[in-house]
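Working notes, structure below.
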Amino acid sequence: MPNSRPRPRRGAGSGAGAAGRDELVSRSLQSAEHCLGSQDFGTAYAHYLLVLSLAPELKDDVKETFQYALFRWAEELDALSRTPDLLGCYERALELFPDDEVICNSMGERLFRMGFRDEAAGYFHKAVKLNPDFNDAKENFYRVANWLVERWHFIMLNDTKRNTIYNAAIQKAVRSGSKSVLDIGAGTGILSMFARKAGAHSVYACELSKTMYELACDVVAANKMEEGIKLLHMKSLDIKIPKHIPERVSLVVTETVDAGLFGEGIVESLIHAWEHLLLQPKTKGENGNCEKYGKVIPASAVIFGMAVECAEIRRHHRVGVKDVAGICLPTNVKFQSPAYSSVDGEETIEPYTTEKMSRVPGGYLALTECFEIMTVDFNNLQELKSLATNKPDKIGIPVTKEGILDAIVVWFVLHLDDEHSLSTSPSEETCWEQAVYPVHDLADYWIKPGDQVMMEVSCQDCYLRIQSINVFHSEHEMEVGKSFTRNKDLLSFGNEAELCSALANLQTSKPDVVEQTCVLESTEIALLNNIPYHEGFKMAMKKVLSSLTLEKLGQAMDTQCQNNEMSCESGPSNADRSIPEPLYVLDVSEGFSVLPVIAGTLGQVKPYSSVEKDQHRVTLDLICEANHFPKDTLEFWLRHVEDESAVLQRPKSDKLWSIIILDVIEPSGLIQQEIMEKAAISRCLLQSGGKIFPQYVLMFGLLVESQTLMEENAVQGAERTLGFNIAPFINQFQVPIRVFLDLSSLPCIPLSKPVELLRLDLMTPYLNTSNREVKVRICKSGQVTAIPFWYHMYLDDEIRLDTSSEASHWKQAAVVLDNPIQVEMGDELVLNIQHHKSNVSITVKQ
């Protein structure tokens, strides 16, 4: 905070008025500084507003202290939940400093925390434009860009086959007479532009996302079609005639479909469109001008599925271990992934996950032939209405190959009309992922030819639901028949003892056992299945705790010897021996973690967990109980902390931690936000000889050529979008780092060997560097398009965890270059690695 006080400058028109103004400005400046000193930030802010309204020429002089007062006052307003006042302060500040990137960025951060992502992105974007080297704003913009413009927009726009087929179907419909068009869920507006170019007289396009709506406006204007396309920032369900569009249209075009077909609300929006926005459909056999009738593109869809074995899906959706580093997982705890838990939940949650099955690590094995699940006619209003009310269909599919039943994989064929169609099958080259329904709760997941996979299929809550997945085993048919006969015989012979025994055997659960369902994210389930992770932590914790226990034992013996000497002099003492003080372990990992329970098995330890969810706490308590822990061995740290934002505190006023476990790497493959700040606080809270886990992290990377990463990161020119100028607009939202990658199955050609890029030392920070250069030798000629990276986390010098290993619950990430670099074998490239806060940027020096 600057100490020098700016002096008001006299204007040209001096006199009594100017002198009075200068006096008021001077006194207000003094008052502002006094208020800052006494931490009365609200009053200081008010004084600065007065100063700047009276003497705008002082803007540059007071800018830093004004910002300081603004930001501290905003924190207080936020704590008091005075949101309107907080936003009002920022708005007034931006009126005074409209081109201040720091205030713009801070306003964006406030809005983002409140959930206003569209508005936040606008401020981040403006801050980056004002100062392209402002790292905080760039990092904020990159993070929010992933929310605002989802990565599939780039992938779909790069899919020339998809664009060509949609264009052909729209062209055919318009030339057949469908001259008025409504594009539902317009995105960038590409389908609207197809319709306009084909000759449609009136084109209307609605888009709910503010960011995508504004982007579409720019795209349509750049392609000189703003007069022929009317863009509406709203849901199609809210469109009224004639308020928003003058009359009913003859054609609706849409691609509001997800991997499970119905998940983006296509059924609801088309029911509304047929009832309120479309002309009546042409009846069968009726002739006449298409302009008088309504139709939808796509016209229909057929949904297909197959049962698969897939180890990657299994380890992310089913806990397959009964013992985690010596900790027994109790049978009365049922772990579920969100996709499965949505079956019984009251909330409307997507009942499936998605995978690009052609790229799933380790591949998959089809256990059945592909089978038809259902067909949908989007041009039939009654059929659309009945979808949500129909009772579930029961389907039985014969097994063709033996294996472990892990999931039902679903895709569809979208019939745009009777001539043009798109398939999202895993065997097709497509931009689409497939919907995956993980299988849970089977007594035996092993199936073989002769068995049947049974399921119930429905469309509820605008989602395709596949429920009650079961297996009808061929040999069990006879067993069931035999046992039924036996039970009849028992009844006829009146063998009461045997009958009671049989009934007792049928009982599956004891009434006094508490059943607990614990819903975990797929990455948390993969973590629980990650045996090397838990074994590594157990060994590392054991080393530290053993060392500290020996040290304490030595100190205790010294104390006892001294006491013995004193007692010999003063006579025998009856004082009770004091109970030894435990060693304190704190786990502040994100999400569900059993590491504190493991720590509790390693001697005189008081472990603390920082899990937040009640069901996770209940589950950890049950695990402790099943492993015969004394009551209250494990404690939940957030119950002891008044301010949850300040988790890192002493265990007791006079005690320090022996071990603090930090989450350094996000499941996405990025470094956790503010991890170095957390490490700095943690170091101050450790007892002598205590450790942070991991102690240090090494970041590795290599150079690759990957067309896939380029297409997933940016639209590759106008050719992909059939000549329409879209790329420069949507590419504003490209981010330099692609996350959640599986390097083992990523289509790429390695052009170098892995190299160490960066060291992050949490225990000895002076070993860290914020900027370094690394030389990389090219071992294969090609084009460098990306730099994938991963981490080795060292719990100590001997025990390390690799985030790219087969068992890892972490994914990898990659820096994608704006422009590919042609290289020859033997060349050397120099990478510049910058570490700013918790963000790492990698650039190629040429």
Check the pair Ile787 / Leu702 against side-chain contact (heavy atoms from CB on, under 4.5 Å), numbers first and verdict last.
-> CA-CA 6 Å; Ile787 307 162; Leu702 79 161; over 6 Å; no
Audit row: Val611, Phe636, side-chain contact (heavy atoms from CB on, under 4.5 Å) steps and yes/no | CA-CA 7 Å; Val611 295; Phe636 298 106; 3.9 Å; yes
For Val816 and Ile737, what are the C-alpha separation, side-chain angles and deciding distance, and is it a side-chain contact (heavy atoms from CB on, under 4.5 Å)?
-> CA-CA 6 Å; Val816 183; Ile737 294 182; over 6 Å; no
Verdict with supporting geometry, Thr601 and Phe629, side-chain contact (heavy atoms from CB on, under 4.5 Å) = CA-CA 8 Å; Thr601 66; Phe629 275 35; 3.6 Å; yes
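Defined by atom type and a distance below 3.5 Å, a donor-acceptor pair is present between the side-chain atoms of Glu666 and Ser668. Residues Asp663 and Ser589 have side chains that never bring a donor and an acceptor to within less than 3.5 angstrom of each other. Side-chain N/O atoms of His316 and Ser522 include no donor and acceptor closer than 3.5 Å.
Ala814 approaches Leu741 most closely through the heavy-atom pair CB-CD1, 3.6 Å. The shortest heavy-atom contact between Ile692 and Ala679 is CD1-O, 3.7 Å. The shortest heavy-atom contact between Cys310 and Gly363 is SG-O, 3.6 Å. Taking both residues in full, the closest heavy atoms of Asp742 and Pro361 are given as CG-CG, 3.4 Å, listed atom of the first, atom of the second, then distance. Here the shortest heavy-atom pairing between Ala407 and Pro438 reads CB-CA, 4.1 Å. Of all the heavy atoms in His809 and Asn530, the pair that sits closest is ND1-ND2, 3.5 Å.
With hydrogens and angles disregarded, a donor-acceptor distance shorter than 3.5 Å links the side chain of Ser546 to the backbone of Lys542. Between the Glu309 side chain and the Ile404 main chain, a donor and an acceptor come within less than 3.5 Å of each other. In terms of modelled atom types and a separation under 3.5 Å, the side chain of His616 and the main chain of Val519 share a donor-acceptor contact. A donor-acceptor pair is defined here as one N or O able to donate and one able to accept, closer than 3.5 Å; no such pair exists between the side chain of Glu773 and the backbone of Asn832. Without hydrogens or angle criteria, Ser682 side chain to Lys678 main chain gives a donor-acceptor distance under 3.5 Å. A donor-acceptor pair under 3.5 Å is absent between the side-chain atoms of Ser752 and the main chain of Arg777, judged by distance alone. A side-chain donor-acceptor contact under 3.5 Å links Arg772 to the backbone of Leu757. Between the side chain of Ser658 and the backbone N or O of Leu583, no donor-acceptor pair lies under 3.5 Å.
Ring geometry for Phe537 against Tyr533 counts as tilted: the plane angle lies between 30° and 60°, on a 0 to 90° scale. Using bins of under 30°, 30° to 60° and over 60° for the plane-to-plane angle, the ring pair Trp637/Trp657 lands in the perpendicular bin.
Salt bridge absent: Glu515 and Lys334 never bring a charged side-chain N and a carboxylate O closer than 4.0 Å. At a threshold of 4.0 Å, the pair Glu535-Lys538 does not count as salt-bridged, since none of the basic side-chain nitrogens sits closer than that to a carboxylate oxygen. Under the 4.0 Å criterion applied to side-chain N and carboxylate O atoms, Asp78 and Arg113 are not assigned as salt-bridge partners.
Arg759 forms a cation-pi arrangement with Tyr696, by the criterion of a distance under 6.0 Å to the ring centre and an angle within 45° of the ring axis. Taking the ring axis of Phe71 as reference, the NZ or CZ atom of Arg110 does not stay both within 45° of it and closer than 6.0 Å to the ring centre.
Partners of Val618 according to the side chain to side chain contact (heavy atoms under 4.5 Å, CB included) rule, which considers only residues two or more places apart in sequence or in another chain, are Gln516, Leu622. Legend: residues meeting side chain to side chain contact (heavy atoms under 4.5 Å, CB included) with Lys652, ordered by chain and number and at least two apart, are Glu581, Tyr584, Asp654, Lys655. Taking the side chain to side chain contact (heavy atoms under 4.5 Å, CB included) definition, one finds that Asn140 meets it with Asn105, Glu109, Phe124, sequence neighbours left out.
Atom CG in Leu656 sits 8.0 Å away from atom CG in Leu686 (nearest 0.5 Å). In this structure, CG in Asp802 is found 3.5 Å from NE2 in His792, a value given to the nearest 0.5 Å. The CG atom of Asn768 lies 7.5 Å from the CG atom of Leu758; values are rounded to the nearest 0.5 Å. The OG1 atom of Thr803 lies 8.0 Å from the CE atom of Met793; values are rounded to the nearest 0.5 Å. Taken to the nearest 0.5 Å, the NZ atom of Lys811 stands 12.0 Å off from the OG atom of Ser804. Put simply, OG1 on Thr843 and CD on Gln834 are 6.5 Å apart, with the number rounded to the nearest 0.5 Å.
For the pair Leu70/Gln67, no side-chain contact is recorded, criterion being any heavy-atom separation below 4.5 Å from C-beta on. The side-chain heavy atoms of Thr633 and Pro607, taken from C-beta on, include a pair separated by under 4.5 Å.
The only option from Leu795, Leu762, Asp796, Thr764 that meets the side chain to side chain contact (heavy atoms under 4.5 Å, CB included) definition with Gln695 turns out to be Asp796. Residue Asp406 forms a side-chain hydrogen bond (donor to acceptor under 3.5 Å, both in side chains) with just one option from Arg315, Arg318, His317, and that option is Arg318. The residue from Leu634, Val585, Val594, Val597 that alone fulfils the side chain to side chain contact (heavy atoms under 4.5 Å, CB included) condition with Ser609 is Leu634.
No more than 12 heavy atoms of other residues, nucleotides or ligands sit less than 6.0 Å from atom CD of Glu806. With a 6.0 Å radius and a threshold of 12 heavy atoms from other residues, nucleotides or ligands, Lys543 has its NZ atom above the threshold.
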